[in-house]
Every structure is written in C-alpha cells, then in structure tokens.
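Written out below as structure tokens is the structure these notes cover.
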Number of protein chains: 2
Amino acid sequence: MTKATNKPRWSIGELARELDITTRTIRYYEDMGLLSPERKGQTRIYSPADRVRLKLILRGKRLGFSLEESRDLIEMYSPDGTNNRAQLSAVLDKIEARRAQLAQQLRDIQATQQELDEAEQRCRQAMSELES
Amino acid sequence: MTKATNKPRWSIGELARELDITTRTIRYYEDMGLLSPERKGQTRIYSPADRVRLKLILRGKRLGFSLEESRDLIEMYSPDGTNNRAQLSAVLDKIEARRAQLAQQLRDIQATQQELDEAEQRCRQAMSELES
DNA sequence: GCATACGTTTACGTTAACGTAAAGTGCAAA
DNA sequence: TTTGCACTTTACGTTAACGTAAACGTATGC
C-alpha cells in the first residue's frame, strides 16, 4: 500500500514569495541545470525535494558560492549515478576539498567577529569619552 | 626618539605574488577606493597598513563579500572621521548587522559540514557494499 | 465578455570584478 | 646603447547572475 497523503506541491510564485526571490531567479536556476520541476502542461510544479534544492542553493549564495559550486555540492548529497569505485573516490576527494574551504571560512568568520568586537569596544569608548 | 627601524615596503608586484592575485586586481581595488598607497613618482609603494587592508579584502572575498561590503567593514575598523554621537551610533548599528550576518553564515557552514559528513558516510557505505 | 492574476517563452540590458592588450616610462645589466 | 624587466595609464572585453520588457496563454470573478 502506498501512502494516501498527497505530497505538497508549490507553484513558482509561491516559492518565490516564501523564499523572497523572483520567479526569474528560479527559472534561471532551472536553465543552469540546478532544478528540474515537473510540468503540468506548461506550468512548473515544485515538489518538496525541489524546494529543498532551492533552499540549498540560497544557503550556498549566503556563503558566497557560485551556482556552479552549489550544483557540485548538491550532487554530492544525492547519490545518483555514482556507482563505480573511481567515481566514489572522486566524490570523497571533493568532499574533503569542500571541508577545507568551509574550515577556512569558519576561521575567517571568527577573525571578523573578533575584529568587530574590538571595533565595538573602541566605538563605545569613544562615545563615553564624548560626554564632557 | 623615533624608532630607527625603517618600516617594510612592498611593490605592487611583490604583493601580487605573495597574495596570489594580479596587479590588475590591486589597482582595481585602489580605483574602488579600498586602497591608497604612497607614490614614489608614478610608482605605488605599499605600507604594512596597506598590506593589512588588502588581506582584509581578500578575507572578505572568501566570505562572499562584495568590495563595497569589505570597504564598509574596513571603515568600521578604522576610527577615522567618526566623531559625533549620531555617527558612532550608526557604526554600532552596522556592527550589529554584520554580526547577525556572520552568525547566519556560521549556521550555514555548520549545516553544510553536517551534510558533508552524511554524504561521506553514504559514500563510504556505497564503497564497502561494492566489494563482492 | 472582460479585467485581473498568474503562468509561459524570448530576448535584450545591467552590474561587479576583474582580464587583456596596447603603448609608454624608468632603471639596471650586458 | 640597447635589451629587458617592472612599473604605469587607458580602454575595450568578458562572465555570472540575474533585471526588465514584450508578447502570449489560461483560469477566475464580476
């Protein structure tokens, strides 16, 4: 027996509103091969999986990734046509490389946070010294 | 008495080689108002402070910041023409906003790291199952 | 029947962040 | 002196990631 609960679907406009992007952007990601929603006639219909992929892309953008990089990442998550040992090994290498990049970004964030702390200190100091 | 030790200086080529960027890039940052090195005649001469600013820009790039954003950040670090209370208060607001963004990026990194962990698990699992 | 709202494709426009090439300057070694 | 290297300016070219506009289908309410 299959589940009776119909899975939720979204229109392009609904997703755009929810994620605060334009429909143009969503269609562009599809053109770039990052999404491939179902079609009901001409109209695009997005599944929960499509929505997840879209959110992953937006998360990548917040981290400064290019669409190409996000596509790469998402492909690592989904175990699709990766069957032979050489391919799996290549994926492991890619994962390791990404990990190194993320570690670098983490260090960069921490350094920036610390400098913001110091800047705030100096700022508050200047304000307190400003009171005659 | 002033320090007798002459402070180190760099040519544009030296900095480019050290930081693995092109001289074009460094000049572009100057055009955008992110750097303003001394000149000896026509030739640019970079101080340790210039070098720090350049490194800050590159760190910003690794975090996906635009040059505009990096310029903003660097201005927060250097307490230049910020004298009156309104300006200082505005800087504090900017600092807070940056902090929020960095916190979001940190969450994004952690989520990505975790998904990489899971992807690696599945990958290794697939490899072990591949041994007949 | 017609406006309104949503969807579609096609296509040209825009911006940031450089790349690349041309043409010239200044100095040091051969 | 000329060759070569590093520096300079000017200016046009390029790419990613969309924005924007035109022109068109389709359903829904009045």
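Lettering of chains follows the sequences in order, A, B, ..., and the numbering in each one begins at 1.
Not one side-chain nitrogen or oxygen of A/Arg44 sits closer than 4.0 Å to the OP1 or OP2 atom of C/dG7. Between C/dC18 and B/Lys61, a contact under 4.0 Å exists linking OP1 or OP2 to a side-chain N or O. Look at B/Thr43 and you won't find any side-chain N or O under 4.0 angstrom from OP1 or OP2 of C/dG26. One finds no side-chain N or O of B/Tyr28 lying less than 4.0 angstrom from the OP1 or OP2 phosphate oxygen of C/dA16. Of the side-chain N and O atoms in B/Ser11, one or more sit less than 4.0 angstrom from OP1 or OP2 of D/dC7. Residue A/Thr22 has no polar side-chain atom (N or O) positioned under 4.0 Å from OP1 or OP2 of D/dC18. Taking 4.0 angstrom as the limit, A/Thr25 places a side-chain polar atom (N or O) nearer than this to OP1 or OP2 of D/dG19. For the pair A/Arg27 and C/dT8, the criterion of a side-chain N or O lying under 4.0 Å from OP1 or OP2 is met.
Side-chain contact check for B/Leu116 versus A/Tyr77: some heavy-atom pair is nearer than 4.5 Å.
In this structure, B/Arg9 atom CZ and D/dA6 atom P are separated by 22 Å, rounded to whole Å. Rounding to whole angstrom units, CD1 of residue B/Ile45 and C1' of D/dC7 are separated by 11 Å. Per the geometry, CZ belonging to B/Arg71 stands 11 Å off P belonging to C/dA17, to the nearest Å. A straight line from CG of B/Leu58 to P of C/dA17 spans 13 Å, rounded to a whole angstrom. Rounding to whole angstrom units, CD of residue A/Glu30 and C1' of C/dG7 are separated by 13 Å. In this structure, A/Ile57 places its CD1 atom 14 Å from C1' of D/dC18, rounding to the nearest Å. The distance between atom CD of B/Gln42 and atom P of D/dT8, rounded to the nearest whole Å, is 8 Å. Atom-to-atom, CE of A/Met32 to C1' of D/dA17 comes out at 9 Å; the value is rounded to the nearest Å.
A salt bridge is absent between A/Glu30 and A/Arg27; no separation between the charged side-chain nitrogens and carboxylate oxygens falls under 4.0 Å. Using a 4.0 Å cut-off between charged nitrogen and carboxylate oxygen, A/Glu68 and A/Arg71 count as a salt-bridge pair.
Rounded to the nearest 0.5 Å, atoms CG (B/Leu88) and CZ (B/Arg85) are 8.5 Å apart.
When heavy atoms are screened at a 4.0 angstrom cut-off, A/Thr23 is found touching no nucleic acid atom at all. Residue contacts for A/Arg17: at a heavy-atom cut-off of 4.0 Å it reaches no nucleic acid atom on any strand shown.
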Determine all donor-acceptor pairs shorter than 3.5 Å in which one atom belongs to a side chain in residues 51-58 of chain B; sequence neighbours excluded.
unit_1: B/Arg51; atom_1: NE; unit_2: B/Glu18; atom_2: OE1; d: 3.2
unit_1: B/Arg51; atom_1: NE; unit_2: B/Glu18; atom_2: OE2; d: 3.2
unit_1: B/Arg51; atom_1: NH2; unit_2: B/Glu18; atom_2: OE2; d: 2.6
unit_1: B/Arg53; atom_1: NE; unit_2: B/Leu34; atom_2: O; d: 3.1
unit_1: B/Arg53; atom_1: NH2; unit_2: B/Leu34; atom_2: O; d: 3.4

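No hydrogens or angles were tested; on distance alone, a donor-acceptor pair under 3.5 Å links the side chain of A/Arg24 to the base of D/dT20.
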